[in-house]
Amino acid sequence: MAKRKWSELSTPAKAGVVTLAAVEAVVTTIAARDLSGRTDAQVNGPRWLWKIAFFVQPFGPLGYLILGRKR
């Protein structure tokens with residue numbers, strides 16, 4: 001599949017890309033705020049590792065929200 005330029009995308013495709021980017025930003029913000037508000041005892045694994053994982057979109061923040069928090 002050849003790469004497309006932004007100008008070659010249809011309007012619905014552009015809207016989809018922008019929407020997904022906004023969702024990723026919101027989920028990452030929620031995960032980062034949650035991590036910053038928890039103690040080490042409330043987090044599964046090292047906090048520094050979760051912070052690095054947030055850069056692996058979208059799996060890092062989602063992984064933290066699902067697996068990284070102790071209930």
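In this chain, residues are counted from 1 in sequence order. Source: prediction; values computed, not measured.
Take Glu24 and apply the side-chain hydrogen bond (donor to acceptor under 3.5 Å, both in side chains) test, not counting sequence neighbours, and it matches no residue. Residues meeting the side-chain hydrogen bond (donor to acceptor under 3.5 Å, both in side chains) test with Asp40, sequence neighbours left out: Arg47.
Applying the salt bridge (charged side-chain N to carboxylate O under 4.0 Å, His left out) test to residues at least two apart or on different chains, none of the pairs has a partner in residues 57-68. Sorted by first then second residue, the salt bridge (charged side-chain N to carboxylate O under 4.0 Å, His left out) pairs that include residues 59-68, not counting sequence neighbours, number zero. Here salt bridge (charged side-chain N to carboxylate O under 4.0 Å, His left out) pairs that include residues 48-68, with residues two or more places apart or in two chains, number zero. Pairs of residues two or more places apart, or lying in two chains, never qualify as salt bridge (charged side-chain N to carboxylate O under 4.0 Å, His left out) while including a residue from residues 59-68.
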I'd like a table of donor-acceptor pairs (distance under 3.5 Å, sequence neighbours excluded) in which one partner is a side-chain atom from residues 2-16, with atom names and distances.
unit_1: Glu8; atom_1: OE1; unit_2: Lys5; atom_2: N; d: 3.1
unit_1: Ser10; atom_1: OG; unit_2: Ala13; atom_2: N; d: 3.3

Return all side-chain donor-acceptor pairs below 3.5 angstrom for residues 57-65, not counting sequence neighbours, or 'none' if the list is empty.
unit_1: Gln57; atom_1: OE1; unit_2: Thr28; atom_2: OG1; d: 3.3
unit_1: Gln57; atom_1: NE2; unit_2: Thr28; atom_2: OG1; d: 3.0
unit_1: Gln57; atom_1: NE2; unit_2: Phe54; atom_2: O; d: 2.8
unit_1: Tyr64; atom_1: OH; unit_2: Asp34; atom_2: OD2; d: 2.6
unit_1: Tyr64; atom_1: OH; unit_2: Leu35; atom_2: N; d: 3.4

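Counting only distance, with no hydrogens or angles, the side chain of Trp50 and the backbone of Ala32 share no donor-acceptor pair below 3.5 Å.
Going from atom CZ of Arg38 over to atom CZ of Arg69 covers 5.5 Å, rounded to the nearest 0.5 Å.
By the 4.5 Å side-chain criterion applied to Ile, Leu, Val, Met, Phe, Trp and Tyr, Trp48 is assigned to a cluster that also includes Leu49, Ile52.
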